[in-house]
Amino acid sequence: MSIKMYNTLTRKIEQFKPLEEGKVKMYVCGPTVYNYIHIGNARPAVVFDMVRRYLEYRGYDVEYISNFTDVDDKIIKAANEMGEDVKTISEKFIKAYHEDTGALGVKTADKHPTVTETMPEIISFIERLVDKGYAYESQGDVYFRTRKFDDYGKLSHQSIDDLQLGTRIEVGEKKEDPLDFVLWKSAKPGEIYWNSPWGNGRPGWHIECSAMVKKYLGDTIDIHAGGQDLSFPHHENEIAQSEALNEKQMANYWLHNGYINIDNEKMSKSLGNFILVHDIIKKFDPNVVRFFIVNAHYRSPINFSDELLNSSENGLERIKTTYANLQHRLDETANLGEEKDKWIDEIDSHHDAFIKEMDNDFNSANAVAALFELVKTANLYLREKHTQKSVLEYFLKRMDDMAYVLGIKLIEEKELLDDEIDGLIQERIEARKNRDFARADEIRDLLKDRNIILEDTPQGTRWKRG
RNA sequence: GGCGGCAUAGCCAAGUGGUAAGGCAAGGGUCUGCAAAACCCUCAUUCCCCGGUUCAAAUCCGGGUGCCGCCUCCA
């Protein structure tokens, strides 16, 4: 068994073969940090974090890099509007990005390079493109000679001549050709700038990723990923820059995630239909948001609404309840010594299904279905009169494994109950023993008002937060 | 004008040639002191429409309809 993934470059699902056995070099385009991220920005962070987790789970050593664009027109604009400097703004939103994605269970990358700290490499990258004739200086700007790069359009499968027919490509007086794109922008008065061989200015948008990939991962990497809207022009331009300079394929596999929609339309800043992660996690457990995202295939568009989130919340609750029930039962169970039995085989079959689905282009929708099947099996097992510790532990282990890959948490931090509540629970247990059900129900209602839900099981009473 | 995606139950969503996963919601039942949780049963003779290929199509081919996206900053 091996992992397959859809490669935008070939438009096919391909067997994954890393450059180096057992290792994966992966780069994911990160955000421009001029605002809090919205759910649409969060999707690539979440789904490629899941890809990373899965590759690691399958034994790969993954080197994972994701950038922050911390200098850019939009940040300059935001800085001017807020009366702050660029650095203050970018630092603020880098911090916010880590908080928001962290809440969604996204692991920190091995390195989150910024444009500002990669400046020497960016400038040298551009210089070498100029030396090779792929770029030219024009009144303090530097442009890439798009037509000189023969493979231009290979990722988005656009013919360079069809692009010209589009009416939206700006001509620009400084360009030799309307298709040329900027590598270095000269600074306007008052703007933040760096010194360069072409005067004071700052990098264009695309060059940073080319420089960072080269610096941290090398000329050719295994996986380059990002949102679908980056495939053109961003990734196309990255390919042009990197392959023109390095004369090697930039990435073997290009992965792109689908959009998040609101009412079937792409969530975007310009439409104003975006929901900030910052805000939604005040309303829903971020764990629910994560579960919602991984519940669909990463390439499918997904609609986003409170109603759908509620549905996910209920589904996740079911999984968590089973997990808690397994743990509760574990405390009451001795190991009888019997080892191999049909339950173990059942667990294995669901785990195998999970692996098979994830192997197939990270089909987490089906992988979640496998998790639900495991939950169902666990619930059946929990109805047995006699359970074995080793089997319960194996259920928990496999649930842990799946939850790890999906990046969801199955366990709440159980804060300690205060003495009063604990006393009430004890009192109720006594009352039930004495068949004083009126008092028992009274206590249950009392606790319910305090958001403590009681469940009586043959193995005793357990509680959870509502 | 070019390139691409999608259309499956009340809702979400897999499935890309072998006879419709999974979840949410809903209804009925079992268990329970009552609940909760769980379990069982029911819930698409059918996959946007029309043709075609095939022993066999939601899946392949042709045509049509509708929605969405990229070609401009965008995850």
Side-chain angles (χ1 to χ4, degrees), chain A residues 8 11 13 28-32 37-48 72-74 77 153 156-170 205 225-234 236 256-261 263-271 274 291-292 295-297 299-303 305 307-319 321-322 324-325 328 353 357 360 363-373 375-376 378-383 432 435-438 440-441 444-445 448 453-458 461-464 466:
Chain A
T8 306
R11 288 184 177 162
I13 290 181
V28 179
C29 288
T32 301
I37 57 166
H38 63 235
I39 304 293
N41 301 313
R43 170 119 100 145
V46 167
V47 299
F48 296 120
D72 159 280
D73 292 355
K74 283 182 299 235
K77 188 163 170 258
S156 53
H157 304 91
Q158 301 273 350
S159 139
I160 205 162
D161 296 315
D162 289 335
L163 286 179
Q164 253 191 328
L165 295 174
T167 53
R168 288 153 151 178
I169 294 171
E170 273 184 52
W205 175 38
Q228 216 163 59
D229 42 6
L230 295 186
S231 59
F232 192 94
H234 185 57
E236 201 71 71
H256 293 96
N257 64 273
Y259 300 125
I260 288 197
N261 294 159
D263 293 332
N264 228 26
E265 281 191 325
K266 180 184 172 182
M267 182 184 291
S268 73
K269 293 269 164 66
S270 51
L271 281 170
F274 57 90
F291 184 62
F292 171 76
N295 213 165
H297 185 98
R299 283 191 286 117
S300 307
I302 46 177
N303 265 305
S305 70
E307 193 194 347
L308 295 172
L309 237 36
N310 274 320
S311 170
S312 282
E313 185 167 37
N314 293 338
L316 181 61
E317 195 53 39
R318 171 140 180 258
I319 297 170
T321 298
T322 295
N325 286 342
H328 181 248
E357 296 299 348
N360 183 23
N363 193 335
S364 55
N366 280 349
V368 168
L371 174 55
F372 272 111
E373 303 270 12
V375 162
K376 178 143 190 161
N379 286 329
L380 285 170
Y381 185 65
L382 287 167
R383 306 185 89 216
R432 288 185 75 229
R435 305 192 67 80
D436 179 2
F437 296 122
D441 289 352
R444 186 165 62 197
D445 289 344
K448 197 180 172 196
I453 293 170
L454 298 182
E455 294 178 6
D456 300 320
T457 74
T461 298
R462 59 176 291 261
W463 64 271
K464 65 178 182 184

Sugar-phosphate only, base, or nothing, as touched by A:S156 at under 4.0 Å among non-hydrogen atoms: sugar-phosphate
A:N314 side chain, from C-beta outward: closest of B:A21, B:A25, B:A75: B:A25
Sugar-phosphate only, base, or nothing, as touched by A:S270 at under 4.0 Å among non-hydrogen atoms: nothing
Donor on one side chain, acceptor on other, A:T32 and A:D72, under 3.5 Å: no
Touch class at under 4.0 angstrom, heavy-atom based, for A:D456 against every strand present: base
Sugar-phosphate, base or nothing in reach of A:R444, heavy atoms under 4.0 Å: base
Sugar-phosphate only, base, or nothing, as touched by A:N363 at under 4.0 Å among non-hydrogen atoms: sugar-phosphate
A:E373, nearest nucleotide to its side chain (from B:G22, B:G33, B:G2): B:G22
Pair assignment for B:G66, Watson-Crick or G-U wobble, requiring both distances under 3.5 Å: B:C6
Side-chain donor-acceptor pair present, A:R11, A:H157, cut-off under 3.5 Å: yes
Shortest side-chain distance from A:E265, nucleotide among B:A13, B:G69, B:G22: B:G69
From A:I39 atom CD1 to A:R43 atom CZ, the distance as rounded to the nearest 0.5 Å: 11.5 Å
Between B:G22 (P) and A:L308 (CG): distance, integer Å: 20 Å
Sugar-phosphate only, base, or nothing, as touched by A:K269 at under 4.0 Å among non-hydrogen atoms: nothing
Sugar-phosphate, base or nothing in reach of A:H256, heavy atoms under 4.0 Å: nothing
Under-3.5 Å donor-acceptor pair between A:R432 side chain and B:G33 base: yes
Test: A:D445 and A:K448 ion pair at under 4.0 Å: no
Integer-rounded Å distance: B:A38 C1' and A:R383 CZ: 6 Å
Sugar-phosphate, base or nothing in reach of A:N366, heavy atoms under 4.0 Å: base
Over all atoms of both residues, closest heavy-atom pair of A:S231 and A:S156: O-CB, 4.5 Å
Nearest-Å distance for atom pair CG/P, residues A:N360 and B:G15: 7 Å
A:N379 vs B:C39: side-chain N/O to OP1/OP2 distance below 4.0 Å: yes
Touch class at under 4.0 angstrom, heavy-atom based, for A:G315 against every strand present: sugar-phosphate
Nearest-nucleotide pick for A:F372, side chain only, options being B:A75, B:G22, B:C3: B:G22
Closest-nucleotide 5' rank along RNA chain B - winner of A:I260 and A:S300: A:S300
Touch class at under 4.0 angstrom, heavy-atom based, for A:N264 against every strand present: sugar-phosphate
From B:G33, B:C39, B:G4, nucleotide with atom closest to A:L380 side chain: B:C39
Atom-pair distance (CG on A:N310; C1' on B:A26), nearest Å: 17 Å
